[in-house]
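Would you mind keeping the following structure in view while I ask a few things?
Lettering of chains follows the sequences in order, A, B, ..., and the numbering in each one begins at 1.
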Amino acid sequence: MAMLSTQPYKGARDFYPEDLRVQTYLFNTWRTVAERYGYEEYMTPMLEPLDIYAAKSGTELVNDESYLFVDRGNRQVVIRPEMTPSVSRLVAGRRQELAYPARLYSVANFMRYQRPQHGRLREFWQLNVDIFGVPTIDAEVELITMADEIMKAFGATDKMYAIKINSRSLVNFMMAEYLELDVVQSQLMMKLFDRKDKITPAEFRDQAAEIFDQPKVSQGLKKIAALFAAKTMGDLPKQIIDSNAIKQVQTLFTLLREHGVKSVMFDIGLMRGLDYYTDIVFEVFDTNPENSRSLFGGGRYDGLVGLFGVEPIPTVGYAIGDVTFRDFLQTHKLLPRLHTTTEVYVVVLGDSLKGAQKLAQRLRGEGVNVEVDITGRKVDKQIKTAVKKDIPFILFLGKKELDEENYTLKDVAGEKEHHLSFARLVTTIKDYRHAQEDVI
RNA sequence: GCGGAUGUAGCUCAGCUGGUUAGAGCGCUGGAUUGUGGCUCCGGAGGCCGUGGGUUCGAACCCCAUCAUUCGCCCCA
């Protein structure tokens, strides 16, 4: 019989306790900020019928990158590759009963059949935040402000990340009116803009030239150059500055500054791959070039709820991925040292196991997390186990301690031993716990 | 799906132009130490050299295939 592999499935991770501590820290911090803005958590099934993706995200995400299979009832089923269609379905299902604006968030896992590499795996977790029923720019302001606050909640400073903002309707105006491209040409040009930073200027020029109708090539290239030469919105060509789309972008920037969001910048090349975005789009990037993948992204997608045959509901949402976010925290050394939830390891001396278990039970009754060594091993082995498990306190329990009800508590890191009554034992441990919570 | 790199002990890696029984450090484990860890000293376990073929008198080393990991492209969190 061949050896079974201990490796997890390609592109998926096992989370040992020390890994899961990090994950829990991420999720809890995400949840805390989302709830601070009045968002409520929801959940949907991991499997969705293929149809709900067919109409919208379209493109490669579903066709090439999803886990698609036929179930025993001959239904075409997809393991969710993203949350947006699911939450749209959720809202469409109770569109009349929900209180608007509906503020919803979730932390869930997703799978995409893609080649794993730095910052990208096949199974990943996302925080998804969406607001339904607000057609005005105030929805974008709220979400981008929250995104900024999430970064701050992890201790990030403004210089560590950049929030890039663009507008799909502005892009549409640019493509159709300014560059005078038809629908097919616009699609190609948008894809090219998206790749701008990954290819050389010469390649960009050549590929752009191929998209224009022959007579318009030289004029078109000049116009593109004028676009990218603009360092601020004010530098953009007049025809664009006069458009309605850009006025909205300007309003957004003004409001974000009033909310104290400093890391924002306008990026006319920001496209985002998903087809359903209709207006403002944004992404957050690590300013450290080693982690160039976007940390999160989102935007306005007013049409999606309407696909379920109901009145469309204006929506803005974004998602944060756990993989790139962990990379961000690591490269900026923002991950705190996280400890086990176990607070006390009971080292049993001699044959006092029964008495030790009784005392442990009393401690548990007081809300203390206690692990008892039930192996009967020598003391040094028991201590080594406690140290290896990173448990902050060791409680030595032998006949003497149990008889005298005077307990020896060792602070593992500080190497100090205290002789305490039961009541003092409990307060000492709880004081330590509160000190830990303050750090995080 | 396309291109590049890498697979030797649990981990990080040595291993000469192919030449006997395969090496180190860390880790693990037992002891020195019968009620106190981290330091020190002594012992021990653990490898079909990713897998399958091929070349050769002989392969960890050369060739082919395959799988896995990793970097980039595509795409995206």
Proximal nucleotide (of C74(B), A77(B), U70(B)) relative to the Q117(A) side chain: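 Shortest atom-to-atom distance from the side chain points to C74(B).
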Pairwise side-chain contact, E48(A) with V77(A), heavy-atom cut-off 4.5 Å (strictly under):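 E48(A) vs V77(A): side chains apart.
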Euclidean distance for P, G1(B) against C48(B) (whole angstrom):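 Result for the P pair: 31 Å, nearest Å.
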Protein-nucleotide distance (R326(A), atom CZ; A77(B), atom C1'), rounded to Å: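 Rounded to whole Å, this separation is 14 Å.
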Any donor-acceptor N/O pair under 3.5 Å between C75(B) base and R120(A) side chain: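 Flag set: donor-acceptor pair detected.
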Pairwise P distance, A77(B) and A14(B) [rounded to whole Å]: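 38 Å, rounded to whole Å.
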Residue matched to A77(B) through Watson-Crick or wobble contacts both under 3.5 angstrom: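 None - no nucleotide pairs with A77(B), as no candidate has both distances under 3.5 Å.
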Side-chain-base donor-acceptor pair under 3.5 Å for Q114(A) and C75(B):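 Indeed, a donor on one side and an acceptor on the other fall under 3.5 Å apart.
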Contact nearer the 5' end of RNA chain B, comparing H118(A) with T324(A):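 It is H118(A) whose nearest nucleotide is closer to the 5' end.
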Integer angstrom distance from the C1' of U12(B) to that of U51(B):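 One C1' to the other, the span is 23 Å.
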Touch class at under 4.0 angstrom, heavy-atom based, for I320(A) against every strand present: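 Answer is nothing: I320(A) stays at 4.0 Å or more from every strand.
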Atom-pair distance (CG on D411(A); C1' on G38(B)), nearest Å: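 Computing the D411(A):CG to G38(B):C1' distance gives 14 Å.
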Sugar-phosphate only, base, or nothing, as touched by V347(A) at under 4.0 Å among non-hydrogen atoms: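 It contacts nothing in the nucleic acid.
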Pairing partner (Watson-Crick or G-U wobble, both distances under 3.5 angstrom) of G23(B):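 Base-paired to C13(B).
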Nearest-Å distance once atom P is located in both C16(B) and G7(B):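 These two P atoms come out 13 Å apart once rounded.
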Heavy-atom side-chain contact between W30(A) and F154(A) under 4.5 Å: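 In contact.
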Sugar-phosphate, base or nothing in reach of L295(A), heavy atoms under 4.0 Å: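 Sugar-phosphate only.
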Gap between atoms CG and P, on L192(A) and C74(B) respectively (whole Å):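 Rounded to the whole Å, the gap is 11 Å.
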Sub-6.0 Å ring centroid separation between Y276(A) and Y301(A):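 Centroid distance Y276(A)-Y301(A): below 6.0 Å, so yes.
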Complementary nucleotide for G35(B) - Watson-Crick or wobble, under 3.5 Å: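 The base-pairing partner of G35(B), which may sit in any strand shown, does not exist here.
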Separation of C76(B) C1' from D327(A) CG (nearest whole Å):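 Distance, rounded to whole Å: 14 Å.
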Interatomic distance at C1', U69(B) relative to G23(B), whole Å: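 My reading of the C1' atoms in U69(B) and G23(B) gives 24 Å.
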C75(B) versus A5(B) - spacing of their C1' atoms, nearest Å: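 It comes out at 22 Å once rounded to the nearest Å.
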Closest to side chain of K384(A), choosing from U70(B), G35(B), G37(B):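 Of U70(B), G35(B), G37(B), G37(B) is nearest to the side chain of K384(A).
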Pairing nucleotide - U56(B), Watson-Crick or G-U, each distance under 3.5 Å: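 When the pairing criteria are applied, nothing turns out to pair with U56(B), so the answer is none.
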Any N/O donor-acceptor pair, K378(A) side-chain to G35(B) base, under 3.5 Å: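 By the distance-only test, no, there is no pair.
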Nucleotide C28(B), atom P - distance to CG of D380(A) in whole Å: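 In whole Å, C28(B) P and D380(A) CG are 13 Å from each other.
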R89(A) charged N/C atom sitting above F308(A) aromatic ring, 6.0 Å / 45°: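 No, a cation-pi geometry is absent between R89(A) and F308(A).
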Lys/Arg cation over aromatic Y277(A): R168(A), 6.0 Å, 45° cone: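 Output no; distance or angle outside limits.
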Assigned partner base of C48(B), Watson-Crick or wobble definition, under 3.5 Å: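 Pair assignment: C48(B) / none.
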Phosphate OP1/OP2 of C28(B): any K388(A) side-chain N/O under 4.0 Å: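 Result: yes.
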U69(B): pairing nucleotide in any strand, Watson-Crick or G-U under 3.5 angstrom: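 Base-paired to A5(B).
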Inter-nucleotide P distance (U17(B), C62(B)), Å rounded: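 After rounding to an integer number of Å, I get 11 Å for this pair.
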Candidates C75(B), C73(B), U36(B) - which lies nearest the side chain of I383(A):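 Looking only at heavy atoms from C-beta outward on I383(A), the closest nucleotide is U36(B).
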OP1 or OP2 of G30(B) under 4.0 Å from side-chain N/O of K381(A):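 Yes, such a contact exists.
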Q126(A), nearest nucleotide to its side chain (from A77(B), U69(B), U36(B)):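 My answer, after comparing the listed nucleotides, is A77(B).
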Given RNA chain B, 5'-ward residue of the pair R122(A) and P8(A), judged by closest heavy atom: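 The answer here is P8(A).
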Stacking of F396(A) on G35(B) base (centres under 5.5 Å, planes under 30°):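 Ring-base stacking flag not set for F396(A) and G35(B).
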Polar pair under 3.5 Å, donor/acceptor by atom type, side chain E417(A), base U36(B):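 A donor-acceptor contact between them is present.
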Closest nucleotide among U36(B), U70(B), C76(B) to the R112(A) side chain: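 The answer is C76(B), which lies nearest to the side chain.
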Spacing of L270(A) atom CG relative to A77(B) atom P, expressed in whole Å: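 Going from CG in L270(A) over to P in A77(B) covers 10 Å.
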Donor-acceptor pair between R122(A) and Y9(A) side chains, under 3.5 angstrom: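 The answer is yes; a qualifying pair exists.
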Separation between the P atoms of G38(B) and G31(B), rounded to whole Å: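 One P to the other, the span is 14 Å.
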Cation-aromatic face contact K164(A)/F282(A), 6.0 Å, 45 degrees: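 No, K164(A) does not lie over the aromatic ring of F282(A).
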Nearest-Å distance for atom pair CD/C1', residues Q382(A) and U36(B):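 Whole-Å distance recorded here is 10 Å.
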Ring centres under 6.0 angstrom apart (Y345(A), F393(A)):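 Ring-ring flag for Y345(A)/F393(A): false, centres at least 6.0 Å apart.
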G-U wobble or Watson-Crick pairing nucleotide for G43(B) (cut-off 3.5 Å, both distances):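 Base-paired to U29(B).
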Whole angstrom value for the distance that separates P of C76(B) from CG of N109(A):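 Distance check: N109(A) CG to C76(B) P gives 21 Å.
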